[in-house]
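Working notes, beginning with the structure itself.
In each ligand, atom 1 is the first atom listed, and ligand 1 is the first ligand listed.
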Amino acid sequence: MPNSGYTYVCPFDELEDGVPRRFEVDGVPFALVHAEEEVFAIRDVCSHSAVALSEGEVDGCTIECWLHASRFDLRTGKPLDPPARIAVPVYPVRIEDAAVYVRLVPESGR
Ligand code: FES
């Protein structure tokens with residue numbers, strides 16, 4: 001996918017359903033999450049304190065921070081519970097030829 005802004009991350013079949021996986025590209029840590037028949041990419045840093053969201057639990061389209069239990073919507077990055085109040089950046093994902101690509105630019109409109 002040259003010049004599209006998308007970066008190859010991993011083969012699709014390396015992602016287990018409901019199990020977050022941490023990656024880092026160009027110094028940006030992010031988690032890929034295969035859930036609800038989709039793949040989501042979310043910055044792997046909680047907006048409440050700097051801990052990895054990839055160590056939390058996935059439930060439907062949410063990931064829960066392991067430290068204080070704020071859940072974030074994987075589609076928007078928005079927190080659904082306190083104490084987190086600020087959205088975490090999410091990134092567009094594409095699946096092509098059984099490979100996962102991500103574009104590490106925050107989605108607009110949040
Ligand atoms: S560090 Fe994630 S909710 Fe507090």
Protein N, O or S within less than 2.8 Å of atom 2 (Fe) of ligand 1, waters excluded: Cys46 SG, Cys65 SG
Atom of Phe40, atom of Cys61 and distance for their closest heavy-atom approach: CZ-SG, 3.8 Å
Side chain to side chain, Phe30 and Val102, heavy atoms closer than 4.5 Å: yes
Set of residues satisfying side chain to side chain donor-acceptor pair (under 3.5 Å) with respect to Asp81, sequence neighbours excluded: Arg71
His34: partners by side chain to side chain donor-acceptor pair (under 3.5 Å), with sequence neighbours left out: none
Contact list for residues 36-48, test salt bridge (Lys or Arg N to Asp or Glu O under 4.0 Å), sequence neighbours left out: Arg22-Asp44
Partner of Pro20 under side-chain contact (heavy atoms from CB on, under 4.5 Å), chosen from Leu32, Ile42, Leu74, Val33: Val33
